[in-house]
Protein chains: 2
Amino acid sequence: MVFGYDEMRLNALLVKRTLNHSVTSTSTVWTLTGNHIYQEEPLEEAAARVLRDLTGLEDVYLEQFGSFADPARLKNPKDQEWLRSINHDPERRVITVGYFALLDSTKVTLQWRGRDVEWKPVREVGDLGFDHNHILDQALEALRNKMRHEPIGFELLPEKFTLTQLQNLYEQIFDTQFDKRNFRKKVARMKYVIPLDEKQVGVPHKPAQLFVFSREVYEKTRTELFDFIV
Amino acid sequence: MVFGYDEMRLNALLVKRTLNHSVTSTSTVWTLTGNHIYQEEPLEEAAARVLRDLTGLEDVYLEQFGSFADPARLKNPKDQEWLRSINHDPERRVITVGYFALLDSTKVTLQWRGRDVEWKPVREVGDLGFDHNHILDQALEALRNKMRHEPIGFELLPEKFTLTQLQNLYEQIFDTQFDKRNFRKKVARMKYVIPLDEKQVGVPHKPAQLFVFSREVYEKTRTELFDFIV
DNA sequence: GCAAAAGTGTTTCTCATACACCCATGT
DNA sequence: ACATGGGTGTATGAGAAACACTTTTGC
């Protein structure tokens, strides 16, 4: 499950799969990206490989968020037909281990070997094939949970970003609004968000200061928070 | 991975597995509890079944925390020998989907059909077989992460508990100390921790008031916290 | 000069933290 | 009477939340 952000919205990367029922009848369905693992391949490597084939990118943030193996998950007629078409015995269950990837979608040229791939705003994703709506929901929940407590939002932004971009990102993902001044005060306390001596250029308004995220500083200054809830 | 708490410490439930190399030579190894799934069984049901066989308990808190499928995870000679002994082709990889269970270990009579099962304080677990030390670490991390933000600690306590028991539980699991007065003020704000008109009896000191946790009240009053970290 | 987004300060209230003594029970 | 854990209040500081105007740029 690939999340991309484009300065506007959080998007999901979808693949169109086409099924030839017969010479005259085909149907298509949108699904999440993904593929089978190789015989001797660790899960995370498989996730990274599939993502590389799709986007050409290396070293993308990847995180395992759950496994899906209900015996009934691919039992409807369409799913069964699909499994047969790829020579998978439809009686044998498919275990999917889900990873989500985070990236700046404006930096990506999609290139999955002729396959029909597209970004779709997460909120506007319709009915997907298989149990992929369920998997998407789980991925989104895992993303939000992680983002609440760890600084991974930067993975979705360009390396240099403005505070307004950062704020928009969090507003999008948490579907809420923050007060600009309070947001900035909060970020100012995070020493790992570092201001550059550099501003936007060519914008038709006061140019904003650019910032970078430093994982190094974060790791050094991170303080185990005990905002635990009993 | 079964976590139990006994008013003292957080424990892991371990099974002793015995391997007969030959008539004269056997070796034993401690491992986490677990078993294979059935052909047509959902993962969570399998976890619940294994747990029921072990403890006789139903409706125990269970949560999936990760999957382990590295091709090399069961490749050392001992693991290979073990796989052969249960008629599993040692060349075929084993995918483990990990769930952790939370329970009050004082309420459990272990009963795994003659197998050697025991509670061991999590901190004192030594070398386990297979990759189970790694899995335990992951389970513990998942438990801590979840406990930081959701009220699941109660699953480890008797239904009626004292605030001191609750505090000890959190101190154990987070390996820290809290100030008693501040802890109680914090709990007092959580409306879903409900005081009873009931006190401890037979204790050689001032008897403590008993409390219960109400998931219902929690679900109603839970407020999406935005203590997010950028 | 105007449209567009950047940037900034103060007040109020809640919560985290630090800290020390008296209380109720069983033996 | 004594040992054991139960139970309580106050002061300080940090951060969350609410709120409006000035600044810099491109056109």
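What's counted below: heavy atoms across the whole structure, side chains too, no hydrogens, waters or symmetry copies. Since the structure is predicted, the reported quantities are computational estimates derived from the model, not experimental observations.
- Put simply, CZ on B/Phe211 is 11 Å from C1' on D/dG6, counting in whole angstrom units.
- In this structure B/His205 satisfies the ring pair (Phe, Tyr, Trp, His ring centres under 6.0 Å) test with no other residue, sequence neighbours excluded.
- For A/Ser27, the side chain to side chain donor-acceptor pair (under 3.5 Å) test picks out A/His21, with sequence neighbours left out.
- If you measure from atom CG of B/Leu196 to atom P of D/dG6, you get 16 Å, rounded to the nearest angstrom.
- Each of B/Leu157, B/Val60, B/Leu143 was compared with B/Leu102 under the side chain to side chain contact (heavy atoms under 4.5 Å, CB included) criterion, and only B/Leu143 meets it.
- When the P atom of D/dG5 is taken as reference, atom CG of B/Leu210 falls 17 Å away, rounded to whole Å.
- Annotation: side-chain contact (heavy atoms from CB on, under 4.5 Å) contacts of B/Glu159 (sequence neighbours excluded): none.
- Scored by the side-chain contact (heavy atoms from CB on, under 4.5 Å) test, B/Arg144 finds B/Leu140, B/Arg148, B/Ile173, B/Phe174 as partners (sequence neighbours excluded).
- One interatomic measurement links the two molecules: CE of A/Met8 to P of C/dA5, which rounds to 11 Å at whole-angstrom precision.
- Counting only N and O atoms by type, the side chains of A/Gln165 and A/Glu7 include a donor and acceptor under 3.5 Å apart.
- Scored by the ring pair (Phe, Tyr, Trp, His ring centres under 6.0 Å) test, A/Phe161 finds A/Phe154 as partners (sequence neighbours excluded).
- Within the 4.0 angstrom heavy-atom criterion, no nucleotide atom of any strand lies near B/Gln200.
- The listed nucleotides are D/dA18, D/dG6, D/dG9; the one nearest the side chain of A/Lys185 is D/dA18.
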Protein N or O to nucleotides 24-27 of chain D N or O, pairs below 3.5 Å:
| from | atom 1 | to | atom 2 | distance (Å) |
| --- | --- | --- | --- | --- |
| D/dT24 | O2 | A/Lys206 | N | 2.7 |
| D/dT25 | O2 | A/Pro204 | O | 3.4 |
| D/dT25 | O2 | A/His205 | N | 3.3 |

Could you list all N or O pairs between the protein and nucleotides 20-22 of chain C that sit under 3.5 Å apart?
| from | atom 1 | to | atom 2 | distance (Å) |
| --- | --- | --- | --- | --- |
| C/dA20 | N1 | B/Arg181 | NH1 | 3.3 |

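- A/Phe100 and A/Phe3 have perpendicular rings, their planes meeting at more than 60° on a 0 to 90° scale where under 30° would count as parallel.
- Of the candidate nucleotides C/dA18, D/dG7, C/dG7, C/dA18 has the atom nearest to the side chain of B/Asn182.
- To the nearest angstrom, C1' of D/dT8 lies 13 Å from CD of B/Gln209.
- Atom CD of A/Glu7 is separated from atom C1' of C/dA5 by 14 Å (rounded to the nearest Å).
- Annotation: side chain to side chain donor-acceptor pair (under 3.5 Å) contacts of B/Thr164 (sequence neighbours excluded): B/Arg184.
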Side chains of residues 207-220 of chain A: which donor-acceptor pairs under 3.5 Å do they make with residues two or more places apart or in other chains?
| from | atom 1 | to | atom 2 | distance (Å) |
| --- | --- | --- | --- | --- |
| A/Gln209 | NE2 | A/Leu196 | O | 3.1 |
| A/Ser214 | OG | A/Glu216 | N | 3.4 |
| A/Ser214 | OG | A/Val217 | N | 2.9 |
| A/Arg215 | NH1 | A/Glu219 | OE2 | 3.4 |
| A/Tyr218 | OH | A/Arg222 | NH1 | 3.4 |

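- In this structure, the CG atom of B/Asp179 is 14 Å from the P atom of D/dT8, given to the nearest Å.
- Applying the side chain to side chain donor-acceptor pair (under 3.5 Å) definition to pairs two or more places apart or across chains, those involving residues 124-137 of chain A are A/Arg9-A/Glu124, A/Arg73-A/Asp131.
- In this structure, A/Ser105 has no side chain to side chain donor-acceptor pair (under 3.5 Å) partners at least two apart in sequence or on a different chain.
- At a threshold of 4.0 angstrom between heavy atoms, the contacts of B/Arg184 include nucleobase atoms, whether or not backbone atoms are also involved.
- Contacts between residues 157-170 of chain A and DNA chain D, defined by a heavy-atom separation below 4.0 Å, involve no residue at all.
- Counting to the nearest Å, the C1' atom of D/dA17 and the CZ atom of A/Arg189 are 12 Å from each other.
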